[in-house]
Amino acid sequence: MADYQKREGLFEKVYEIVRTIPEGKVATYGQIAKMLGTSDPRKVGWALAANSDSETPCHRVVNKEGGVAKNFGKSLGGDIGWEVQRSKLEDEGIFFVDEQHVDLTRHLWSL
DNA sequence: AGAGTGACTCATA
DNA sequence: CTATGAGCCACTC
């Protein structure tokens, strides 16, 4: 398995970038992957999966379609599902085109 | 150094 | 829309 406690490396970079996402914005795994210098969006999701830091707004990270992850499982220090993630995003003023899809046309984070 | 895993993405049907 | 298969790369054992 790979859900052990991470030490250092790619993970920290992901966390830093995710923390850089301003409120009311969302970033995609692919975008973050690019910033990391990798071409594997999986690494991003994986990094977040290994993380459970309440300081990292994982809920602002969505897939390419703006859809929230289905396997959040635990993050931000508790039982969280896409419904919880959605609430958090809405609380930041983010619009949803449907229950599981963020309006990327308005909230996609870009430099 | 080899195998297993993964919160993604893309292509195809 | 859903379902499959493949690509990809860091991490742990």
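Hydrogens, waters and symmetry mates play no part in the numbers below; they use all other heavy atoms, side chains included. Because the structure is a prediction, the values reported are computed rather than measured. Note on naming: letters A, B, ... go to the chains in the order of the sequence lines (proteins, then strands), and numbering restarts at 1 for each one.
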Sub-3.5 Å pairs of nitrogen or oxygen atoms, protein against nucleotides 9-13 of chain B:
| from | atom 1 | to | atom 2 | distance (Å) |
| --- | --- | --- | --- | --- |
| B:dT9 | OP1 | A:Lys64 | N | 2.8 |
| B:dT9 | OP2 | A:Lys64 | N | 3.2 |

Please check the phosphate of C:dC9 (OP1 and OP2 only) for any side-chain N or O of A:Ser39 closer than 4.0 Å.
yes

Passing candidate, side-chain contact (heavy atoms from CB on, under 4.5 Å) with A:Val14, options A:Thr38, A:Val44, A:Thr56:
A:Val44

Tell me the interatomic distance from A:Lys13, atom NZ, to C:dA10, atom P, rounded to whole angstroms.
10 Å

Which whole-number value in Å describes the distance from A:Phe11 CZ to B:dT5 C1'?
11 Å

Rounded to whole angstrom units, what separation is found between the CD atom of A:Glu12 and the C1' atom of C:dC11?
14 Å

Choose from C:dC11, C:dC8, B:dA7 the nucleotide whose nearest atom is closest to any side-chain atom of A:Ala49.
B:dA7

Closest approach of A:Ala69 and A:Tyr29, non-hydrogen atoms and distance?
CB-OH, 4.0 Å

note: A:Lys88, atom NZ; B:dA7, atom C1'; distance rounded to Å ~ 16 Å

In whole Å, what is the span from the CG atom of A:Leu36 to the C1' atom of B:dG6?
15 Å

Among B:dA7, C:dC8, C:dC11, which nucleotide sits nearest the side chain of A:Trp46?
C:dC11

Show me the donor-acceptor pairs, under 3.5 Å and distance only, between side chains in residues 19-27 of chain A and residues at least two apart or in other chains.
| from | atom 1 | to | atom 2 | distance (Å) |
| --- | --- | --- | --- | --- |
| A:Thr20 | OG1 | A:Glu16 | O | 2.6 |
| A:Thr20 | OG1 | A:Ile17 | O | 3.4 |

Does the side chain to side chain contact (heavy atoms under 4.5 Å, CB included) test come out yes or no for A:Glu92 and A:His107, once each step is laid out?
CA-CA 11 Å; A:Glu92 295 184 358; A:His107 308 296; over 6 Å; no

Residues of residues 89-103 of chain A with a heavy atom under 4.0 Å from any atom of DNA chain C, listed by number, are none

A:Asp40 CG to C:dC11 P: how many Å, rounded?
12 Å

Could you tell me how the ring of A:Trp46 sits relative to the ring of A:Phe11: parallel (under 30°), tilted (30 to 60°) or perpendicular (over 60°)?
perpendicular

Residues that A:Ser110 engages under side chain to side chain donor-acceptor pair (under 3.5 Å), provided they are two or more places apart
none

Residues which pass side chain to side chain donor-acceptor pair (under 3.5 Å) with A:Asp91, listed by chain and number, not counting sequence neighbours
none

Applying side-chain hydrogen bond (donor to acceptor under 3.5 Å, both in side chains), which residue pairs with at least one partner in residues 95-104 of chain A are found, sequence neighbours left out?
A:Asp98-A:His101, A:Asp103-A:Thr105

Taking only the P atom of each, what is the distance from C:dC8 to B:dT12 in whole angstrom?
16 Å

Please evaluate residues A:Phe96 and A:Arg86 with respect to the criterion side chain to side chain contact (heavy atoms under 4.5 Å, CB included), reporting the C-alpha separation (whole Å), side-chain torsions for both, the decisive distance (0.1 Å), and the verdict.
CA-CA 8 Å; A:Phe96 275 69; A:Arg86 177 163 114 297; 3.5 Å; yes

